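Here is the structure we will look at.
Quick caveat, the model's predicted, so the values are computed rather than measured. Chain A is the first sequence line, chain B the second, and so forth, proteins listed ahead of strands; every chain is numbered from 1.
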There are 2 protein chains.
Amino acid sequence: MSQLPKQRTEVSVPTSADVARLAGVSRATVSYVLNNNATVRISEPTRHRVREAATQLGYVPHAAARSLRAGHSRMVLLPSGHIPAGPLHQRFFQELQAGLRRLDYTVVQYGSAGLDADEAARAWAELRPVAVVVPPGITLTRHGTGVLTRSGAKAVITLGPEPVEGAHGLVMDQRRVGAGAVGHLLARGRRRIGVVMPREPGLAPFSEPRLAGARQAAGTAGAHILPLPLRYEEESAAELAGGWRELGLDAVFAYNDEYAMLLMRALQDAGVAIPGDTAVVGADDLLLGRLLRPRLSTVRMELAMEHPLAETIDRLVHHPGTAPVHHDLLRTSAVHRESS
Amino acid sequence: MSQLPKQRTEVSVPTSADVARLAGVSRATVSYVLNNNATVRISEPTRHRVREAATQLGYVPHAAARSLRAGHSRMVLLPSGHIPAGPLHQRFFQELQAGLRRLDYTVVQYGSAGLDADEAARAWAELRPVAVVVPPGITLTRHGTGVLTRSGAKAVITLGPEPVEGAHGLVMDQRRVGAGAVGHLLARGRRRIGVVMPREPGLAPFSEPRLAGARQAAGTAGAHILPLPLRYEEESAAELAGGWRELGLDAVFAYNDEYAMLLMRALQDAGVAIPGDTAVVGADDLLLGRLLRPRLSTVRMELAMEHPLAETIDRLVHHPGTAPVHHDLLRTSAVHRESS
DNA sequence: TTGAAAGCGGTACCAC
DNA sequence: GTGGTACCGCTTTCAA
């Protein structure tokens, strides 16, 4: 465009060469000093000059250049979707992140909403992460797993409801949630059980298996299951509650505590007695559910991990090639309160 | 350790050189073809052979190498903390992310919990992002801003309650929330107003300014403000409610709807009439708040953005050096329901 | 139309 | 102790 000798309006970013020049040493020395390389002995005055120069220039090493040279990164990639995580996942990721940081990994969440499964896997692979942890709600295919491992990922771990071939599966089988809720309702003598299916997009990876689990539990007992689509809005709940008696249900598993609270209020407003006419069970054991009257019965979820996931990942990184392992981590327990 | 000639158990990751070799062309040609470079004409047979080779090898370009060569990345970094985002922020980030993706940026969240402000800024700078968007709850210092811009970030934007020198501030002044709540309560004739201060760590960046805003609004009207520490647990709420009458309050702004629901239940259980004895106001306008009886009054929050943030960022990236701009985006409106 | 080669920033081997 | 230098994977200029 311009004939000018390359505009220099932007102050150029200092490199290790700049530090070397200012300190009057070579780039090699700069690298040794700043990385506290123990295999080589550098005199104290030199070390000082290098550090001085680095801080003076505001030098920050270039992670990409470093990992390019090293041939590997210490980045653990967590694809993230658009689903607001429940309390279980929040705690889980919190811990995972803290654990990985302690082991000196860089944890990065990559927003993958709106990409199809294989596009997404390719996009992740471009970053050359050393490990990828795919949360429930994000689809990972067999092909995607292949792309990731072939691009150098030492550990590909899926947390989704379904195991994926080639990836390690620390699976959280959502069917347990449905089964737990329905089991509880059956034990309390209920036989015609509605199961709320959120209409909100993106929740299907959770709601479908929960329904399947509910059906499974009901099947063996000869009980009846009826899916009930519901939007997370008062009008939708009022509508569902309006036709409630015609449904002939004596219980409902409401997907989670939030939908349960919504539906329970609508049922009460429609004159349905709880738990007299209909028992209501949620899931997640939210604090707010305990504030209702009647107090909301719920399915509590916990993760059964012998070892923190961060350490498992670290082990996989050091010993790759381990045959994929599949564990179901989800433990559920029905919590009986007053609504069932 | 071992004398073996470098274990080759791990299949090496295919590079553009591998693709070139397989296709019988040079690396340059591979780059041209795979990037659809329009400035150079490559024959159709060659293009085909290259693409063929790439898919056969499962070639995925190395993002770090690419941006190293290019001298810049298209990565927008979103540091993230450990604070569960409210509905406002969730929507906001959802939109931001989608918008940035449409403009072909790579959006990456970087877990920064447990790092001090300047360590964190340095860690972000190592990734050489082209832009950084710092959400409320993450501290960015003036120094941190300097580190980021000197490392090549074209846009540093803070969303925190406080503007930061050197960074663009799309500020969300949380004082408005407190002021809105208290203004509403004053208008309804309340004069002795409690303000719930969550004891949970990490919420101070929100709760402190909300309290300040409450004080400000009360000050001009000669009303009284009393901070009320509260843990998000039933016992803590029961304790607070137990000594309620001695506090002599006729209203409470409960930080947000969740704390409001918790406290309101405890007050009702302690025999405090709502809104008769004490008015309760939350914030966030959660659906669940509408399900209580009395329905929870709240402060609704919205963002007033003329332009989507993604486009603003894109503009800043193309025209850096723009003087930092500070806008307060937060618009609040008190929503009167039944609890006040 | 294609290829050779330089160079982005950092690390580590090998000389001196 | 310290410096020279090759190289990681990719893009792009310049020549052929």
Side-chain angles (χ1 to χ4, degrees), chain A residues 1 6 10 12-50 53-54 57-74 125-128 130 150-152, chain B residues 6 10 12-50 53-54 57-75 125-128 130 150-152:
Chain A
M1 291 289 170
K6 185 125 179 172
E10 322 160 12
S12 62
V13 182
T15 72
S16 77
D18 296 319
V19 177
R21 204 167 313 127
L22 181 57
V25 299
S26 75
R27 296 193 311 138
T29 307
V30 171
S31 175
Y32 293 142
V33 172
L34 297 184
N35 294 317
N36 287 314
N37 191 322
T39 67
V40 69
R41 300 214 48 77
I42 306 279
S43 71
E44 198 45 56
T46 306
R47 306 182 90 86
H48 187 74
R49 286 216 315 288
V50 169
L57 293 175
Y59 170 71
V60 174
H62 193 307
R66 174 179 300 185
S67 67
L68 180 59
R69 168 66 230 221
H72 60 259
S73 72
R74 289 189 68 78
E126 290 192 359
L127 299 178
R128 296 289 193 275
V130 69
R150 254 178 289 115
S151 76
Chain B
K6 185 125 180 172
E10 321 160 13
S12 63
V13 182
T15 72
S16 76
D18 297 319
V19 177
R21 204 169 309 127
L22 182 58
V25 299
S26 74
R27 290 159 61 219
T29 307
V30 171
S31 175
Y32 293 142
V33 171
L34 297 185
N35 294 316
N36 286 312
N37 190 324
T39 67
V40 68
R41 300 213 46 77
I42 306 279
S43 70
E44 198 45 56
T46 305
R47 306 183 90 87
H48 187 74
R49 285 216 316 287
V50 170
L57 292 175
Y59 170 71
V60 174
H62 192 306
R66 173 179 298 185
S67 66
L68 181 59
R69 168 66 230 227
H72 60 258
S73 74
R74 288 188 69 78
M75 179 195 297
E126 290 192 359
L127 299 178
R128 296 289 191 276
V130 69
R150 253 179 289 115
S151 77

Practice task
Walk along DNA chain D from 5' to 3' and tell me the first and last nucleotide with an atom closer than 4.0 Å to a non-hydrogen atom of chain B.
Solution key: D:dG9 to D:dT13
Handout entry: Sequence neighbours excluded - salt bridge (charged side-chain N to carboxylate O under 4.0 Å, His left out) pairs with any residue from residues 20-39 of chain B
Key = B:Asp18-B:Arg21
Practice task
Return yes if some donor-acceptor pair links the side-chain N/O of A:Ser67 with the main-chain N/O of A:Ala70 below 3.5 Å, else return no.
Solution key: no
Problem - B:Thr15 vs B:His62 side-chain heavy atoms within contact, under 4.5 Å - result: no
Exercise for the section: Evaluate the side-chain proximity of A:Arg47 to A:Asn36: yes if any heavy-atom separation is below 4.5 Å, no if none is. Expected result: yes
Practice task
Rounded to the nearest 0.5 Å, what's the gap from CZ on A:Arg69 to NE2 on A:His72? Could you check?
Solution key: 11.0 Å
Fill in the blank from the handout: Nt span of DNA chain C in reach of chain A heavy atoms at under 4.0 Å, 5' end first, is C:dG9 to C:dC13
Fill in the blank from the handout: Note: B:Ala63 and A:Leu127 closest approach over all heavy atoms is CB-CD2, 4.1 Å
Problem - Axis bend over the full length of the helix from C:dT1-D:dA16 to C:dC16-D:dG1, computed from five pairs that close each end, to 10 degrees - result: 50°
Practice task
For residues A:Gly58 and A:Pro14, report the shortest heavy-atom separation together with the two atoms involved.
Solution key: O-CG, 4.0 Å
Exercise for the section: Report which part of the nucleic acid A:Arg69 touches: base, sugar-phosphate, or nothing (heavy-atom distance under 4.0 Å, all strands). Expected result: base
Completion exercise
Per the under-4.0 Å heavy-atom filter, residues of residues 24-32 of chain A near DNA chain D come out as A:Gly24, A:Val25, A:Ser26, A:Arg27, A:Ala28, A:Thr29, A:Tyr32
Practice task
Check DNA chain D against residues 39-50 of chain A and give the residues with a non-hydrogen atom under 4.0 Å, in numerical order.
Solution key: A:Val40, A:Arg41, A:Ile42, A:Ser43, A:Thr46
Exercise for the section: Report the residue from B:Val50, B:Val13, B:Val19 that forms a side chain to side chain contact (heavy atoms under 4.5 Å, CB included) with B:Tyr59. Expected result: B:Val19
Problem - B:Arg128 side chain near A:Val60 side chain, heavy-atom distance below 4.5 Å - result: yes
Problem - Minimum heavy-atom distance between A:Ala125 and A:Ser151, given as atom pair plus value - result: CB-OG, 3.4 Å
